[in-house]
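Down below is the structure, laid out as C-alpha cells.
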Amino acid sequence: MKKIIIIGASSGIGMRVATDFARLGWRVGIAARREEPLKAIKELYPDRVEYLCIDVTADDAVDKFYKLIELVDGMDYMLYAAGCGWRNPDLEPSRDDETVRTNVLGFTRIINAAYKYYKSTANLHRGHIAAITSIAGTKGIGISATYSASKRYQWAYLQALDQLAHIQHVNVAVTDIRPGFVDTPLLDGTKKYPMEMSIDYVAPRLECAVVAGRRVAVIDSRWAVVTALWRMIPNALWRHLSIGL
C-alpha cells in the first residue's frame, strides 16, 4: 500500500488530492492548521487517513511532521500544498510577512525535513518530494510582488534540492508542480481570472505528475505556452504590462 503525506490538506487542491488518494486505497497522512477539515477527511476514510494539526511556520512543525510519518508508518510521497498569497498593490506588511513565513520559511522547513527523511531511508525504494508552486514564479508580478517572489524561491529551492540529491546519491525524485489560476480559496472569488481552472480539472493532472515523479509539471498546456511567452518578454516591456494575479 502506497503512503503519502500531504501538507496543506484542509482546503483546495490539497484536500481534493488527499481524498482522491484515500479513495484509491493509499495510506494518507494529512496536515494543516485547521483541525475540523482534517477530521472530516479522517471520518470518510478512518482506516486509511491519519492527521495532525501542523502550522508550518511554528517551531514544532518538523517534529510534528515526523510524528505524522510515524502515524502513517512511512512516506513514499510527500506533497507540499500549503501556501498563501494576496493581491497586495499597497504592500501591506502583515500580508507580505505571512506570505514569506508560509511560502518561504515553512516551505523550506518541511521540504528540508522530507529530504532528510529520504536521505536516511530511501536507498532501496525511491522517495518523492512534490510541491505545488505556481506559474507566478515566472516573472515578478507587481500587484502580488511577495507571492510571485516566494514562488520563484520555491522553484529555485526544488531545483537545487534535485541537484543535491544527485550529488549526494539520495534516491529521491523532486517534482515542481506549477498550476495556472485555479478556482480555490487562494483566489479572490469576486472576479474571474484568465484561463481559470477548476479543482476537478487540475487534481487528476497534478496527481499523475506526482506519481510519475516528473521534474516540472505546468498545469495545463495553455499555461505552459503562456509562461514560455512571458519569459521572452524583455524587462523594459514587462514593466508596462498589467498582470491581474
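Quick caveat, the model's predicted, so the values are computed rather than measured.
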Does any non-hydrogen side-chain atom of [Y] lie less than 4.5 Å from one of [X]?
{"X": "Thr227", "Y": "Arg231", "answer": "yes"}
{"X": "Val216", "Y": "Arg178", "answer": "yes"}
{"X": "Trp223", "Y": "Thr138", "answer": "no"}
{"X": "Val172", "Y": "Lys119", "answer": "no"}
{"X": "Arg48", "Y": "Leu24", "answer": "no"}

Give the C-alpha distance, both sets of side-chain angles, the deciding distance and a yes or no for side chain to side chain contact (heavy atoms under 4.5 Å, CB included) between Phe107 and Val56. CA-CA 7 Å; Phe107 168 89; Val56 297; over 6 Å; no
Should Asp73 and Arg27 be marked as a salt bridge (Lys or Arg N to Asp or Glu O under 4.0 Å) after you check the CA-CA gap, both sets of side-chain angles, and the distance that decides it? CA-CA 9 Å; Asp73 193 27; Arg27 286 277 291 164; over 6 Å; no
Using a 6.0 Å cut-off, check whether atom CZ of Arg109 has over 12 heavy atoms from anything other than its own residue. yes
Would you say Gln163 has more than 12 foreign heavy atoms packed within less than 6.0 Å of its CD? no
Can we say Asp55 and Lys64 salt-bridge, meaning some charged N sits less than 4.0 Å from an Asp/Glu carboxylate O? no
How many angstroms lie between atom [atom1] of [X] and atom [atom2] of [Y], to the nearest 0.5 angstrom?
{"X": "Asp97", "Y": "Thr102", "atom1": "CG", "atom2": "OG1", "answer": "10.5 Å"}
{"X": "Asp162", "Y": "Gln159", "atom1": "CG", "atom2": "CD", "answer": "8.0 Å"}
{"X": "Glu43", "Y": "Tyr51", "atom1": "CD", "atom2": "OH", "answer": "8.0 Å"}
{"X": "Trp230", "Y": "Ile233", "atom1": "CH2", "atom2": "CD1", "answer": "8.5 Å"}
{"X": "Asn88", "Y": "Thr146", "atom1": "CG", "atom2": "OG1", "answer": "6.5 Å"}
{"X": "Tyr118", "Y": "Arg126", "atom1": "OH", "atom2": "CZ", "answer": "11.0 Å"}

Is a donor on one side and an acceptor on the other found under 3.5 Å between the side chain of [X] and the backbone of [Y]?
{"X": "Tyr115", "Y": "Ile129", "value": "no"}
{"X": "Gln154", "Y": "Asn103", "value": "yes"}
{"X": "Lys2", "Y": "Trp26", "value": "no"}
{"X": "Arg23", "Y": "Tyr45", "value": "no"}
{"X": "Asp76", "Y": "Lys3", "value": "yes"}

Name the one of Ile219, Ile132, Ile177 that satisfies side-chain contact (heavy atoms from CB on, under 4.5 Å) with Ile13? Ile132
Is there a continuous path of hydrophobic side-chain contacts, each under 4.5 Å between heavy atoms, that joins [X] to [Y]?
{"X": "Leu237", "Y": "Val226", "answer": "yes"}
{"X": "Leu52", "Y": "Tyr66", "answer": "yes"}
{"X": "Leu105", "Y": "Ile111", "answer": "no"}
{"X": "Met195", "Y": "Val218", "answer": "yes"}
{"X": "Tyr153", "Y": "Trp155", "answer": "no"}

I'd like to know whether Thr175 forms a side chain to side chain contact (heavy atoms under 4.5 Å, CB included) with His128, so could you lay out the CA-CA distance, the side-chain angles of the two residues, the decisive distance to 0.1 Å, and finally the verdict. CA-CA 8 Å; Thr175 299; His128 296 253; 5.7 Å; no
Could you tell me which non-hydrogen atom of Leu71 sits nearest to which non-hydrogen atom of Glu50, and how far apart they are? O-CG, 3.8 Å
